[in-house]
Peer 1: 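The structure under discussion is supplied below as structure tokens; questions concerning it will follow.
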Amino acid sequence: MTSTSLDAGVEETLLAPGAPTRLRVEHLREAMGITNTRPRFSWALPTGTGPAATTAQTAYQITASNGWDTGRVGFGQHNLVPYSGPALESRSRFEWRVRTWTTDASGAETESPWSEPMPVELGLLHASDWIAEWIGPEEPVVAAPGERPGFALRKTFTLDAAPAFARAYATAHGIYELFLNGQQVGDQQLTPGSTSYNTTLQVQAYDVTALLRPGTNTIRAILTDGWYRGTFGFTRDADMYGTHTAFLAQLEMLSGGRTRMIGTDRSWLVSETEILSADLMAGQRVDFRIPQDSVRGEVATAARAAVTQGYETLTGPVAPPTRIVEELAPVAVTRLVSGHQVVDFGQNIHGWVRLTRLGAPGETVTLVHGEALDGNGDVTQDHLRPLDFRNPGQFLAAGQVDEVTGSGAPGEVFEPRHTTHGFQYLSIRGLTADLAPEDITACLVQTDLEPLGSFTCSDERLNKLHEIVQWSFRDNACEVPTDCPQREKAGWTGDWQLFIPTAAYLYDVAGFSRKWLNDVRADQWENGVIANISPSPGPDTTSADFMAFVNGSAGWGDAIVMVPWELYLATGDAGILAENWEAMKRWAGFVRTAAESNRHADRAAASPTPAPHEQYLWDTGFHWGEWMEPDGPEPDLFAARSADHGIVATAYYRNSTALLAKVAQVIGRAEEAAALAELSENIRRAWETEYLDSSGHVTQPSQANCVRALAFDLVSPARRGTVTAQVVSLIRAAGTHVGTGFLATPYLLPVLADNGELGLAYELLMQDSEPSWLAMVDRGATTMWELWNGIDADGNPHQSLNHYSKGAVASFLHRYTAGLRQASGSAGYERIMIEPRPGAGLTSAATSHQGPHGLIEVEWITANGGLQLRATVPAGTTAEVHLPGQPPAAVGPGKHHFVAPAPRGTTKNPQLVRSAP
């Protein structure tokens with residue numbers, strides 16, 4: 001559906017419902033190697049068209065190849081149905097399928113065909129399932145971080161016949177690639193992935209039946225540092241989880257009714273490889289002149305690592321795997337006077353390049369990755385170099401440099417799969433031959449998330465804005481939600497909590513986020529503090545003092561409450577709330593203790609005796625605050641240790657306790673819900689008492705503080721108008737520019753629209769002078785910038801050019817411009833609101849979202865001064881439609897067409913006209 005096709009006049013073919021689709025197991029499209037013995041099953045209902053369109057499911061039946069058969073279950077549930085078949089054990093395998101009974105608009109019941117089957121296979125559940133031992137290379141001298149080589153671990157064995165069935169299970173402390181007989185096993189990348197290694201280590205399961213053959217076979221793994229001991233983040237810490245890499249693998253083959261197992265042990269051989277060094281931050285260096293597996297051939301050693309070796313932390317996948325999901329060709333290749341060749345891929349991405357034209361034998365080619373060009377047209381990395389906190393005033397290297405030396409062998413290809421970069425441009429240095437576009441490809445590497453949402457409108461700049469928001473998220477969706485794909489690659493909690501409503505609309509991030517929340521819980525401190533970054537190894541790292549005092553910040557730690565709640569709203573999965581409940585409470589307990597036990601020094605000096613409301617003020621501890629406000633003070637982390645951020649922290653204290661009360665209600669904890677609601681109201685009153693003056697104005701006036709006051713319901717209804725007028729005044733005083741930083745930006749436009757200032761919201765949206773979203777578009781951004789002036793008016797880059805946080809504005813486009821949002825009190829899109837709120841001269845807009853109940857579509861155009869709207873409402877869903885100047889219309893499943901005529905000489909519009917579905 002596009003924004004110009006509303007009145008195309010194409011006659012719709014009437015089709016009866018088909019079979020159920022989109023089968024899922026625990027939010028996964030692929031259920032290979034899972035370790036959940038009570039998984040839940042979901043499917044999308046068959047739809048049909050016209051009068052035969054499905055309105056509701058009345059019953060379902062699931063059958064599986066392991067004997068599970070539910071029979072006809074007279075129930076409408078099709079989302080997260082619990083498994084109830086035979087007990088699942090290690091290696092359990094079955095296929096399941098489902099059929100449904102549904103009703104249409106006439107009430108007639110239709111039995112669907114069976115769906116296509118979906119395979120499910122469990123991995124190894126118990127330590128006793130493993131015969132394999134942890135092994136690793138002996139490193140008498142460990143190279144410096146960022147300069148450590150890759151090692152090969154291999155085993156050769158013989159088979160009398162090709163097996164009828166074979167599986168490989170593998171994981172590592174580091175990054176591994178697995179090969180059988182020279183062929184890469186599977187298409188997953190960066191395995192076993194980013195994780196809190198001290199508590200959780202993912203195991204990948206592979207079907208390798210087709211890769212084995214009679215006679216001699218070789219299983220081989222390449223092992224590098226990865227997240228386990230490589231350099232990481234802004235501080236470039238290394239050895240965060242251990243000082244030695246290790247590998248664990250088990251090959252199981254069934255032939256002639258007998259199973260043979262080959263596991264890693266000390267009989268495996270270890271060799272150096274062509275990988276001279278591999279590091280996620282620094283890059284990868286390769287010398288193809290080194291013969292494969294011939295430098296060393298010693299026996300593998302028992303793995304050594306700081307973390308105790310064992311099987312207790314092993315788990316199956318919770319999130320989709322990381323893959324190469326898209327490949328980009330260059331849009332330009334330019335030879336500079338310096339001899340460097342600069343490749344422009346036209347899009348800022350995360351991943352690596354595949355280079356098929358190498359230098360002459362022995363010629364070393366260097367690849368420097370970056371997001372911007374300097375005045376000479378070459379790649380610059382200056383804006384990506386992080387401060388060295390150990391040496392004040394100094395900067396660390398930006399990294400992102402690969403190097404390859406060719407041997408001259410035919411078909412040689414350089415693809416550095418043990419590092420990743422954030423880049424649009426590539427400077428190739430040392431290559432004498434001219435590079436043709438077909439010689440190089442950019443590989444986009446991300447967690448393989450299913451797209452769910454779309455948006456388009458009549459303004460091409462807004463379409464471009466929405467596109468760069470999507471790209472920025474895709475580039476930062478690699479294993480965990482990272483802040484940027486180049487200088488940090490870190491799973492900052494604050495960034496994800498503010499962006500997840502947007503992300504969950506655009507992509508299926510349920511499993512992705514659940515996996516990350518497992519890490520957040522694992523990293524939570526005993527006192528309830530939530531780490532700023534997850535995964536993280538805890539306080540025992542090189543920068544422990546630095547990281548310790550900044551943890552527990554308002555708006556960052558609150559992610560443990562806000563992220564599960566948003567996932568619940570998006571999916572209807574209350575299990576996500578239940579599994580995070582204790583961690584939520586521990587965080588809230590930490591905040592409550594801080595509020596009740598401590599007072600800020602300035603407040604205590606002004607009044608030695610605290611006022612009664614101060615027990616609800618959270619005004620001590622380190623807080624990032626409204627990070628990166630335009631024209632705000634330069635961030636000073638050490639000054640922030642003693643600053644009074646109570647106006648921000650108390651606001652989040654109120655918001656999280658209010659959400660916790662809702663969570664408690666959903667999971668059946670009514671008494672706790674009532675107590676939390678009372679606490680939240682007391683915090684609200686305390687905030688109002690402390691931070692509003694007698695006239696109802698915010699005493700620390702900023703756009704962010706006023707927006708938060710309205711978004712978090714911190715002010716009583718009688719004072720909302722005063723605070724709204726205050727934020728309007730502040731915006732006008734800023735020349736009608738955005739004045740919010742990280743935390744408040746997602747709420748800015750919605751708050752204005754919901755408080756009678758829709759026109760001003762659109763003025764800010766369409767503002768194209770800095771700071772603004774469209775300034776990014778006009779200056780050629782292909783991803784969102786960390787700073788509003790990421791590329792300044794003179795074309796100079798500043799900090800990361802690939803941070804998705806400011807892209808949360810896309811939710812305004814979905815919910816207000818196009819007009820699709822979930823109704824208050826609904827979860828899983830059972831009830832929706834369709835309320836286009838046009839502005840800024842837009843003449844059309846359209847959005848779609850694949851919710852748990854099916855595809856929702858909204859499309860409107862202006863015509864003859866009025867508005868026409870088409871909407872698709874999926875089965876099991878109700879919608880309330882609001883059009884300008886019209887009374888609401890309640891509709892059920894089906895396709896609907898609405899017309900809101902223009903006013904005709906009267907302030908009262910004619911009644912809304914609705915055509916039949």
Peer 1: Taking atom types as modelled, is there a side-chain donor on Gln799 or Arg487 under 3.5 Å from an acceptor on the other?
Peer 2: yes
Peer 1: Quick one: does Thr264's side chain have a donor or acceptor within less than 3.5 Å of a partner on Ala132's backbone?
Peer 2: no
Peer 1: Any idea which heavy atoms bring Leu223 and Pro137 closest together, and the distance?
Peer 2: CD2-CD, 4.2 Å
Peer 1: Go through it in stages, so that I can follow the logic: the residues are Phe151 and Ile222, the test is side-chain contact (heavy atoms from CB on, under 4.5 Å), and I'd like the CA-CA distance, side-chain angles, deciding distance and then a yes or no.
Peer 2: CA-CA 6 Å; Phe151 292 92; Ile222 303 295; over 6 Å; no
Peer 1: Where do Asp187 and Arg323 come nearest, in terms of heavy atoms and distance?
Peer 2: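 For Asp187 versus Arg323, the nearest heavy atoms are OD1-NE, 2.9 Å.
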Peer 1: Taking the side chain from Thr366 and the backbone from Val401, do they hold a donor-acceptor pair closer than 3.5 Å?
Peer 2: no
Peer 1: Ignoring hydrogens and angles, tell me if any N or O in the side chain of Trp227 forms a donor-acceptor pair with the backbone of Thr195 under 3.5 Å.
Peer 2: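 Looks like no, no N/O pair under 3.5 Å.
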Peer 1: Distance-only, no hydrogens or angles: does the Gln341 side chain make a donor-acceptor pair with backbone N or O of Ala433 under 3.5 Å?
Peer 2: yes
Peer 1: Do the side chain of Thr783 and the main chain of Ile468 share a donor and acceptor less than 3.5 angstrom apart?
Peer 2: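 Flag not set: sc Thr783 to bb Ile468 has no pair under 3.5 Å.
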Peer 1: Are Glu177 and His418 close enough that a side-chain donor and a side-chain acceptor fall under 3.5 Å?
Peer 2: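 There is such a pair (donor and acceptor under 3.5 Å, judged by atom type) between the side chains of Glu177 and His418.
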Peer 1: For the residue pair Tyr311 and Trp130, does the interplanar ring angle fall in the parallel (under 30°), tilted (30 to 60°) or perpendicular (over 60°) class?
Peer 2: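 Rings of Tyr311 and Trp130: parallel, as their planes differ by under 30°.
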Peer 1: Under a 3.5 Å threshold, yes or no: a donor from one side chain and an acceptor from the other, between Glu479 and Thr322?
Peer 2: yes
Peer 1: Examine distances only and state if a side-chain atom of Ser800 and a backbone atom of Asn802 form a donor-acceptor pair shorter than 3.5 Å.
Peer 2: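 Indeed, once roles are kept as given, a pair shorter than 3.5 Å links the two residues.
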Peer 1: Please identify which of these residues, Tyr176, Tyr228, Trp134, meets the ring pair (Phe, Tyr, Trp, His ring centres under 6.0 Å) condition with Phe247.
Peer 2: Tyr176
Peer 1: Which pair of heavy atoms, one from Cys443 and one from Ile349, lies closest together, and at what distance?
Peer 2: O-CD1, 3.9 Å
Peer 1: Is the side chain of Arg229 donor-acceptor paired with the backbone N or O of Thr243 at a distance under 3.5 Å, no angle test?
Peer 2: yes
Peer 1: Holding to ring pair (Phe, Tyr, Trp, His ring centres under 6.0 Å), I want the full list of residues that pass it with Phe234, two or more places apart in sequence or in another chain.
Peer 2: Phe389
Peer 1: Run the salt-bridge test on Arg29 and Asp448 with the 4.0 Å N-O cut-off and return the result as yes or no.
Peer 2: yes
Peer 1: Ignoring hydrogens and geometry, is there a side-chain-to-backbone donor-acceptor pair from His350 to Val445 under 3.5 Å?
Peer 2: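 Looks like yes, one N/O pair under 3.5 Å.
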Peer 1: At their closest point, which heavy atom of Pro192 faces which heavy atom of Gly174, and how far apart are they?
Peer 2: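 Heavy atoms of Pro192 and Gly174 come nearest at CD-O, 3.1 Å.
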Peer 1: Determine whether a donor-acceptor pair (N or O, by modelled atom type, separation under 3.5 Å) exists between the side chain of Arg213 and the backbone of Thr216.
Peer 2: yes
Peer 1: What verdict does the side-chain hydrogen bond (donor to acceptor under 3.5 Å, both in side chains) test give for Arg154 and Ser271, after you've listed the backbone C-alpha separation in whole Å, the side-chain angles of each residue and the deciding distance to 0.1 Å?
Peer 2: CA-CA 8 Å; Arg154 70 187 189 280; Ser271 300; 2.7 Å; yes
Peer 1: Looking at Arg285 and Asp402, is any side-chain nitrogen of the basic one under 4.0 Å from a carboxylate oxygen of the acidic one?
Peer 2: no
Peer 1: Mind running side-chain contact (heavy atoms from CB on, under 4.5 Å) on Thr231 and Leu280 for me, showing each step along the way?
Peer 2: CA-CA 7 Å; Thr231 63; Leu280 286 170; over 6 Å; no
Peer 1: Under a 3.5 Å threshold, yes or no: a donor from one side chain and an acceptor from the other, between Asp344 and Gln424?
Peer 2: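 Yes, Gln424 and Asp344 have a side-chain donor paired with an acceptor closer than 3.5 Å.
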Peer 1: Please give me the minimum heavy-atom distance between Pro119 and Ala31, naming the atom from each residue.
Peer 2: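 Heavy atoms only, the tightest pair is O-CB, 4.1 Å.
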Peer 1: Closer than 3.5 angstrom, by distance alone: can the side chain of Thr171 be matched with the main-chain N or O of Gln202 as a donor-acceptor pair?
Peer 2: yes
Peer 1: Any salt bridge between Arg236 and Asp279, counting N to O under 4.0 Å?
Peer 2: no
Peer 1: Taking the basic N atoms (NZ, or NE/NH1/NH2) and the acidic carboxylate oxygens, is any pair closer than 4.0 Å for Arg148 and Glu139?
Peer 2: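 Salt bridge flag = no for Glu139 with Arg148.
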Peer 1: When the side chains of residues 406-415 are checked against the rest of the protein, which donor-acceptor pairs come out under 3.5 Å, sequence neighbours left out?
Peer 2:
residue	atom	partner	partner atom	Å
Ser407	OG	Ala409	N	3.3
Ser407	OG	Glu412	OE2	2.4
Glu412	OE1	Ser407	N	2.9
Glu415	OE1	Arg354	NE	2.9
Glu415	OE2	Trp352	NE1	3.0

Peer 1: Ignoring hydrogens, what is the shortest heavy-atom contact between Asp378 and Ser338? Give both atom names and the distance.
Peer 2: OD2-OG, 4.5 Å
